[in-house]
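Note sheet for the following structure.
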Amino acid sequence: MLQTIWVSSSRSWDSRKPDGQQTSWKCGFVRTIIQHTCPRHNPRGQRKARMLKKIHICLCFFFVSGILYEISLLSGCFFSCMPMPKHFLTPEQVLNLGKSIIFLETTERLEPPPLVSCSVESAARIYQDRPVILFMKGLTNDTVLDSNSSYAAFSLLSSMKNVFLFPLQMETIFQETPLLQWYNEVDPEEEKNWVHVSSDASRLALIWKYGGIYMDTDVISIRPIPEGSFLAAQKSRFSSNGIFGFPARHKFIWDCMENFVLKYNGNIWGNQGPFLMTRMLKTICNLTDFEGIEDHSCQNISFLNPQRFYPIPYPAWGRYYDVWDKNPDFNHSYALHLWNFMNRNRKAVVAGSNSLAEKLYKTYCPTTYEDLIKNAELRDLPSYEDSV
């Protein structure tokens, strides 16, 4: 029904005069009727003219109200009533909707592993009214990604109405930011931490330009984040850059980009990431230790308690893959960071293992669990013919 409203409104809109004259099209039509049917020298005609003028005003009012009502409806159901297939939309068109949830893949891989798929799916389920975007360096504009893709994760993610997969084009992203000159001068072949450094830079530029929330691809969303401008404390007095959110053109993010270039040292892991966020936060805030589960706030920026995203700290990251006697409820958390960078032994979610991670997958990314884990293991089981 809403799609019909969109189309009918668009046709009516497109058939009118140039910009600024949309409303006057119907209103002018009513005025023409008044002018031709109501002679001014006729008292009776004057009464009719006044009556028709009131009708004209009412028609204009209802016409404008109708347009505003349609817009309000469409803003709340954009992903279910888009007038065109979503794969025709450009990154700018989607990002300009505002409040995007942004993920980055700065390696060349084209098949997102289950944890990446789970992160994106969980965000899409928690933030159903917001675009969820996965930028991938390995994609090109010619890559065909749809529900029929040969890549299982692509097929899964493409079927979600508010998930978008776009190529990561850094030179375009860095335009009009302090990072462009740095990007043009740096040699990725000489950078030992390029995958991480380029990701640190890209997330800053995207959030500064368009606003929204950035998340690492090992973050599982469990409930909406209520903050508009926030940083996530990994521990007291130390900020992560694995998840943060700001409105577009926020000064703090601009200052971070300038410091990124000024203090650039690609040989130190995290220098352009969590250490950057921490040193910039310290320039405007007097950071103190967290006590209990309270959040801190400074300069209208919320510095969120480690419990919000890091209830299991990085030294204990392997606990996500253990079987718990009693599973934690994470009642004070908005999302969970699974510390994939620490996962050197490549621990994975295994169907039937009853691990904490498996239960998180079942709850927050059930499609990923069924399609990429459970069904994959069934496909890998030897057939009767293979065993005889």
Side-chain angles (χ1 to χ4, degrees), residues 79 86-87 101-128 131-139 143-168 195 199 215-223 242-243 312 317-324 327 330 335-383 386:
F79 303 108
K86 69 177 185 179
H87 59 266
I101 311 298
I102 296 173
F103 295 90
L104 294 173
E105 176 57 73
T106 51
T107 71
E108 297 287 347
R109 65 184 176 187
L110 283 173
E111 175 65 351
L115 182 53
V116 174
S117 178
C118 183
S119 297
V120 176
E121 179 188 347
S122 65
R125 290 178 179 274
I126 295 298
Y127 303 95
Q128 295 186 25
V132 177
I133 307 172
L134 173 59
F135 286 97
M136 302 186 71
K137 184 183 176 185
L139 292 184
T143 308
V144 177
L145 298 178
D146 54 32
S147 58
N148 297 318
S149 172
S150 59
Y151 295 109
F154 280 150
S155 179
L156 185 159
L157 296 175
S158 297
S159 67
M160 299 178 188
K161 64 182 181 181
N162 60 331
V163 173
F164 298 82
L165 307 176
F166 289 127
L168 177 61
V195 168
S199 178
M215 295 184 184
D216 277 351
T217 53
D218 56 353
V219 171
I220 297 178
S221 297
I222 61 177
R223 56 179 56 90
I243 180 167
I312 297 179
W317 67 271
R319 295 284 283 147
Y320 279 113
Y321 299 91
D322 291 342
V323 177
W324 291 53
N327 289 320
F330 300 118
L336 305 173
H337 192 286
L338 266 62
W339 304 107
N340 194 53
F341 180 72
M342 305 294 293
N343 192 359
R344 306 298 171 82
N345 295 326
R346 312 314 302 168
K347 289 188 177 182
V349 173
V350 177
S353 64
N354 204 35
S355 67
L356 175 59
E358 182 191 16
K359 293 181 178 180
L360 293 174
Y361 274 51
K362 285 181 175 181
T363 303
Y364 301 107
C365 56
T367 306
T368 293
Y369 179 76
E370 291 291 333
D371 287 8
L372 301 188
I373 296 176
K374 192 172 180 180
N375 290 343
E377 292 192 356
L378 289 175
R379 288 193 297 268
D380 292 339
L381 290 174
S383 64
D386 292 334

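Small disclaimer: the values here were computed from a predicted structure and weren't measured.
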Where is the tightest heavy-atom contact between [X] and [Y], given as atom of each residue plus distance?
X: Asn162; Y: Ala124; answer: ND2-O, 3.3 Å
X: Ser199; Y: Leu104; answer: O-CD1, 3.6 Å
X: Leu157; Y: Glu121; answer: CD2-N, 4.3 Å
X: Val219; Y: Ala335; answer: CG1-CB, 3.6 Å
X: Gly138; Y: Glu108; answer: CA-OE1, 3.6 Å
X: Ser119; Y: Phe103; answer: O-CZ, 3.6 Å

Is any side-chain heavy atom of [Y] closer than 4.5 Å to one of [X]?
X: Val323; Y: Leu356; value: no
X: Phe135; Y: Ile133; value: yes
X: Ser355; Y: Lys347; value: no
X: Ile101; Y: Met215; value: yes
X: Asp218; Y: Met342; value: no
X: Leu134; Y: Val163; value: no
X: Arg346; Y: Asn340; value: yes
X: Val350; Y: Tyr321; value: no

**OP:** Apply side chain to side chain contact (heavy atoms under 4.5 Å, CB included) to Val132 and Phe164, showing your working.
**Re:** CA-CA 6 Å; Val132 177; Phe164 298 82; over 6 Å; no
Say you draw a straight line from [atom1] of [X] to [atom2] of [Y]; how long is it, rounded to the nearest 0.5 Å?
X: Asn354; Y: Asn327; atom1: CG; atom2: CG; answer: 7.5 Å
X: Ser122; Y: Leu360; atom1: OG; atom2: CG; answer: 9.5 Å
X: Leu115; Y: Asn343; atom1: CG; atom2: CG; answer: 8.5 Å

**OP:** For the pair Phe330 and Tyr320, name the ring-plane relationship: parallel under 30°, tilted 30 to 60°, perpendicular over 60°.
**Re:** parallel
Output all residues satisfying side-chain hydrogen bond (donor to acceptor under 3.5 Å, both in side chains) with [X], sequence neighbours left out; order by chain, then residue number.
X: Tyr369; answer: Glu358
X: Ser117; answer: Thr368
X: Arg109; answer: Glu105

Subject >> Residue list, side-chain contact (heavy atoms from CB on, under 4.5 Å) with Ile126, at least two apart or on another chain >> reply: Ser221, Pro224
**OP:** Give every residue pair that meets the ring-ring contact (aromatic ring centres under 6.0 Å, His included) criterion with at least one member in residues 336-365, sequence neighbours excluded.
**Re:** His196-Phe341, Trp269-Phe341, Tyr310-His337, Tyr310-Trp339, Tyr314-Trp339, His337-Trp339
**OP:** Would you check if the side chain of Thr217 reaches a backbone N or O of Val116 as a donor-acceptor pair within less than 3.5 Å?
**Re:**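 A pair under 3.5 Å: no.
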**OP:** Check whether any side-chain N or O of Ser155 sits under 3.5 Å from a backbone N or O of Ala152 as a donor-acceptor pair, and report yes or no.
**Re:**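 Not a single qualifying donor-acceptor pair exists.
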Original post:
Under the ring pair (Phe, Tyr, Trp, His ring centres under 6.0 Å) test, which residues partner Trp317, sequence neighbours left out?
Top reply: none
Original post:
Is it true that the side chains of Thr367 and Arg125 contain a donor and an acceptor less than 3.5 Å apart?
Top reply: yes
